[in-house]
Number of protein chains: 2
Amino acid sequence: MTDKKKQILAVALELFANDGFNGTSTSKIAKEAGVSEGLIFRHFEHKNGLLNALVQQAVERIRLLIEPILIETDPKKVIQKSIDLPFALPESEYPFWKLQFKLKWENDYEQDKMRPFIEKLTWAFSNLGYIQARKEAEVLNHIIESISIGILREGRKSQEGLKEFILRKYLK
Amino acid sequence: MTDKKKQILAVALELFANDGFNGTSTSKIAKEAGVSEGLIFRHFEHKNGLLNALVQQAVERIRLLIEPILIETDPKKVIQKSIDLPFALPESEYPFWKLQFKLKWENDYEQDKMRPFIEKLTWAFSNLGYIQARKEAEVLNHIIESISIGILREGRKSQEGLKEFILRKYLK
DNA sequence: GTCTATAAGTAGATAGAC
DNA sequence: GTCTATCTACTTATAGAC
């Protein structure tokens with residue numbers, strides 16, 4: 001991947017996250033990235049190719065993010081790491097995740113990247129003696145998702161107070 | 001409000017919810033609503049006026065939706081009604097609520113319509129002897145929000161199993 | 001004469017081609 | 001890197017209905 005290609009993707013990510021896909025023109029991307037508009041089409045064929053590339057990045061980034069949880073063998077640590085997940089996101093990646101959450105509302109967006117994560121949570125709750133481990137996992141996943149949204153929309157501080165509270169709720 | 005004005009709003013709602021605000025042209029709205037494009041601007045001044053009208057509707061609809069909870073005096077019923085909230089939404093209103101959740105990701109969207117709801121939940125938990133009533137309320141609000149999103153994206157059935165589980169969790 | 005509606009425009013932006 | 005056919009939000013001219 002050339003520097004200019006990377007630069008185009010980085011700018012597209014930021015603009016898509018802020019102004020939406022349809023609210024962002026290819027000419028604006030080119031201008032902000034300091035490249036000619038034609039280069040965008042050379043690298044990505046059409047505007048949608050840009051989005052596809054960003055979504056592909058997301059698949060890999062989510063995989064890396066939940067990997068340490070999937071290989072964890074201590075059920076308590078699985079839960080603790082899961083709750084910590086949204087708080088551990090570097091702020092520089094917020095636009096990236098914002099875009100992913102926005103895209104979830106598009107009709108043709110592939111879901112279920114978190115399926116292995118929920119399976120692992122189920123395993124953890126099961127191991128800790130919870131009877132309805134699956135439901136517990138789904139509820140905790142809901143909480144984590146909603147906290148993530150809160151962090152992305154209003155900043156980490158808006159949710160920080162909840163972290164200790166939830167940890168205690170599940171691990172004491 | 002004339003029939004044609006209502007018709008324009010109804011079509012705009014559906015198209016904005018499906019294709020996004022920037023992904024929807026005024027000409028398409030006019031065509032689908034069976035009116036001339038000019039009529040949109042006569043009634044709503046500019047395209048944004050359409051959105052404003054829809055958001056205004058939302059403010060009122062949310063108020064009506066949470067009102068029965070706010071006037072409830074039995075704390076257990078407050079929690080039960082709150083958990084029931086997303087499941088009680090008529091399916092015909094799903095596009096409407098989808099649009100509201102999408103708009104939450106826009107920068108200039110007014111938040112905090114749910115503040116009185118969280119206050120009431122806090123009051124309920126406090127009344128039931130919970131020590132950290134405020135945090136409990138925030139967590140339950142997170143769960144309800146995330147379940148709502150699940151219902152709007154994947155249908156009511158995808159979340160139905162969680163309802164009894166959460167009710168039992170909080171009310172037994 | 002105001003209100004509701006339309007059809008036919010305009011100037012600028014847009015994705016993509018050359 | 002210039003060009004263009006198409007689409008965009010919005011306007012103007014016009015006119016019947018109450």
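This one's a predicted model, so the numbers in the text were calculated from it and none came from an experiment. Heavy-atom basis, side chains included; hydrogens, waters and symmetry copies ignored. So that the names make sense, note that chain A is the first sequence line, chain B the second, and so on, each numbered from 1.
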Original post:
Contact class for B/Lys5 vs. all strands (heavy atom < 4.0 Å): base, sugar-phosphate, or nothing?
Top reply: nothing
Heavy-atom side-chain proximity of [X] to [Y] below 4.5 angstrom:
{"X": "A/Leu121", "Y": "A/Glu138", "result": "no"}
{"X": "A/His142", "Y": "B/Leu162", "result": "yes"}
{"X": "B/Ile143", "Y": "A/Ser146", "result": "no"}

Original post:
Is the shortest side-chain N/O distance from A/Lys28 to OP1 or OP2 of C/dA13 below 4.0 Å?
Top reply: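 Checking A/Lys28 against C/dA13: no side-chain N or O falls below 4.0 Å of OP1 or OP2.
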Original post:
Can you tell me if the side-chain N/O atoms of B/Thr2 get under 4.0 Å from OP1 or OP2 in C/dA5?
Top reply: yes
Rounding to an integer number of Å, can you tell me how far [X] [atom1] sits from [N] [atom2]?
{"X": "A/Lys47", "N": "C/dA17", "atom1": "NZ", "atom2": "C1'", "answer": "17 Å"}
{"X": "B/Leu39", "N": "C/dT6", "atom1": "CG", "atom2": "P", "answer": "6 Å"}
{"X": "A/His46", "N": "C/dA15", "atom1": "NE2", "atom2": "P", "answer": "13 Å"}
{"X": "B/Asp3", "N": "D/dC18", "atom1": "CG", "atom2": "P", "answer": "14 Å"}
{"X": "A/Arg42", "N": "C/dA15", "atom1": "CZ", "atom2": "P", "answer": "19 Å"}
{"X": "B/Phe41", "N": "C/dA7", "atom1": "CZ", "atom2": "P", "answer": "16 Å"}
{"X": "B/Ile40", "N": "D/dT8", "atom1": "CD1", "atom2": "P", "answer": "12 Å"}
{"X": "B/Gln7", "N": "C/dT6", "atom1": "CD", "atom2": "P", "answer": "12 Å"}

Original post:
Partners of B/Lys163 by salt bridge (charged side-chain N to carboxylate O under 4.0 Å, His left out), sequence neighbours excluded?
Top reply: B/Asp84
**OP:** Could you please name the option among D/dA9, D/dT8, C/dA7 that lies closest to any side-chain atom of B/Glu37?
**Re:**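 Looking only at heavy atoms from C-beta outward on B/Glu37, the closest nucleotide is D/dA9.
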**OP:** Classify the angle between the aromatic ring planes of B/Phe125 and B/Tyr130 as parallel (below 30°), tilted (30 to 60°) or perpendicular (above 60°).
**Re:** perpendicular
Original post:
Do A/Thr26 and A/Glu37 meet the criterion of a side-chain donor-acceptor pair at a distance under 3.5 Å?
Top reply: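 A pair is found: one side chain offers a donor N or O, the other an acceptor, under 3.5 Å apart.
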**OP:** Would you tell me whether A/Glu119 and A/Trp123 have side-chain atoms, one donor and one acceptor, within less than 3.5 Å of each other?
**Re:**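 Side chains of A/Glu119 and A/Trp123: no pair found under 3.5 Å.
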Subject >> Contacting residues from residues 18-26 of chain A, given that a heavy atom lies under 4.0 angstrom of DNA chain C >> reply: A/Thr24, A/Ser25, A/Thr26
